[in-house]
Colleague: 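Sending over a structure as structure tokens; questions will come in a sec.
Atoms within each ligand, like the ligands themselves, are counted from 1 in listed order.
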Amino acid sequence: MRVLVTGGAGYIGSVVAKRLLEHGEEVAVLDDLSTGHADAVPEGAELHLGRVHDAGSVLAGCRFDAAVHLAAASLVAESIADPAKYEENNVVGSRRLLEALGGLGVGVLVFSSTAAVYGEPESVPIEEDAPTRPVNPYGASKLAVDEMLAAEAERSGLAAVSLRYFNVAGAYAGLGERHHPETHLVPIALEVALGLRPSLVVYGDDYPTPDGTCVRDYIHVADIAEAHLAALAHAEAGRHRVYNLGNGTGFSVLEVIAAVERVTGRMLEVTVGPRRPGDPAVLVASSARARLELGWSPRRASLERIVGDAFEVLEARRGEQP
Ligand code: UDP
């Protein structure tokens, strides 16, 4: 297969591109490098520089069998501060990409959606038919694209899949998180352990959870990438399918910090601050549907493995810097 990966210079996209190449597929990446890194695009993948809005012109003359669409703005706090950016990048950008797909020959699309579409869940683990009531513009923008894909599958016969990731972490083949600024818990905690930042703030310890801190379902980036391969293989023309991707186990912020301390052998300087707007108390996935229909199951489920793989790559990268 010849596969287009939008956002393939980013953290998750680069791992998806790498796994596709290892699986023997041909890969082209479309990325504007606004947050991604050219050196994260795996060897063997072609990099086309541009926004998804311009996919039709940037990729004119190219043909693909399938696309994996990950290019997006993806920070909850930023989306609250600048909702128009999320509408433009995520919703309008996806619309333009869909308009270009026919001309590029693409009949299968796998989309990077998110647990944030569910907002504050009524019950956990969260199944795909749970109510979708996003509590921030990021989640709302991804939900809008999920809905766009359902309509497009019906209209044009596109085979469409939305993968709703829970908390992606870890690293694969030297590819780890490199966000600037970094906002995610696992890399921030690791940076504190490595002495790259002085301390970590826990955003709220008064949530209705066992230790008062937010509970999330952390999932290894390589397991997430594997689900994209399975989704490409199982997508059906004219249908839009939705799958939650998580391990089905929740860990609190304090439990993640403890895991980072165990893995790195270092104690972290931690303070407790106010809640971060837009953070639900508990997000844990039911991935029963993905297991059943895609034959997918996470193979790197332990928190130690996820944190350990991220640590290894961060440490190696630090060693390379002058
Ligand atoms: N978090 C925290 N301190 C930080 C970064 C994150 O306490 O410096 C918390 C955050 O409030 C959430 C969890 O860690 O409950 C995971 O946040 P992250 O930003 O990694 O992912 P999100 O859940 O927003 O996708």
Side-chain angles (χ1 to χ4, degrees), residues 10-12 35 70 72-81 86 90 112-121 124-126 134-143 163-171 176-194 196-221 223-224 244-261 264 268-285 303 306-307 309-311 314:
Y11 165 50
I12 303 172
T35 56
L70 300 105
S74 62
L75 299 176
V76 167
E78 184 188 51
S79 78
I80 294 169
Y86 282 70
N90 298 0
S112 150
S113 185
T114 172
V117 301
Y118 297 111
E120 190 73 61
V124 287
I126 303 170
V135 292
N136 52 62
Y138 168 64
S141 72
K142 289 286 184 172
L143 181 60
L163 298 178
R164 292 182 176 158
Y165 315 155
F166 281 60
N167 284 63
V168 186
E177 291 191 67
R178 284 159 79 189
H179 302 116
H180 300 292
E182 188 54 76
T183 63
H184 294 116
L185 179 62
V186 170
I188 285 180
L190 288 170
E191 285 174 16
V192 175
L194 284 169
L196 300 173
R197 61 169 83 216
S199 64
L200 181 154
V201 180
V202 173
Y203 297 141
D205 66 353
D206 58 348
Y207 284 95
T209 61
D211 66 18
T213 66
C214 286
V215 170
R216 295 286 181 272
D217 185 341
Y218 294 87
I219 171 106
H220 198 292
V221 67
D223 285 331
I224 286 284
N244 289 344
L245 299 180
N247 280 307
T249 312
F251 292 100
S252 71
V253 175
L254 295 182
E255 286 173 326
V256 172
I257 292 170
V260 168
E261 290 180 336
T264 62
L268 308 193
E269 185 71 35
V270 173
T271 57
V272 176
R275 291 182 177 195
R276 183 173 68 177
D279 268 346
V282 180
L283 289 174
V284 176
L303 193 54
I306 294 170
V307 168
D309 285 358
F311 182 51
L314 191 62

Colleague: Identify, chain by chain and in numerical order, each protein residue with a heavy atom under 4.0 Å from an atom of ligand 1.
Modeller: Asn167, Thr183, His184, Leu185, Ile188, Val201, Val202, Tyr203, Cys214, Arg216, Tyr218, Val253, Arg276, Asp279
Colleague: Among side-chain atoms of Asn244 and Tyr118, is any donor-acceptor pair under 3.5 angstrom?
Modeller: yes
Colleague: Leu303 versus Tyr218: any side-chain heavy-atom pair under 4.5 Å?
Modeller: yes
Colleague: So, the side chain of Glu261 versus the backbone of Leu268: is there a donor-acceptor pair under 3.5 Å, distance only?
Modeller: yes
Colleague: Sequence neighbours excluded, which residues qualify as salt bridge (charged side-chain N to carboxylate O under 4.0 Å, His left out) partners of Glu255?
Modeller: none
Colleague: Between the side chains of Tyr138 and Glu78, does any donor sit under 3.5 Å from an acceptor?
Modeller: no
Colleague: Run the side chain to side chain donor-acceptor pair (under 3.5 Å) test on Thr249 and Asn247 for me, step by step, so that the C-alpha distance in whole Å, both residues' side-chain angles and the decisive distance to 0.1 Å come before the verdict.
Modeller: CA-CA 5 Å; Thr249 312; Asn247 280 307; over 6 Å; no
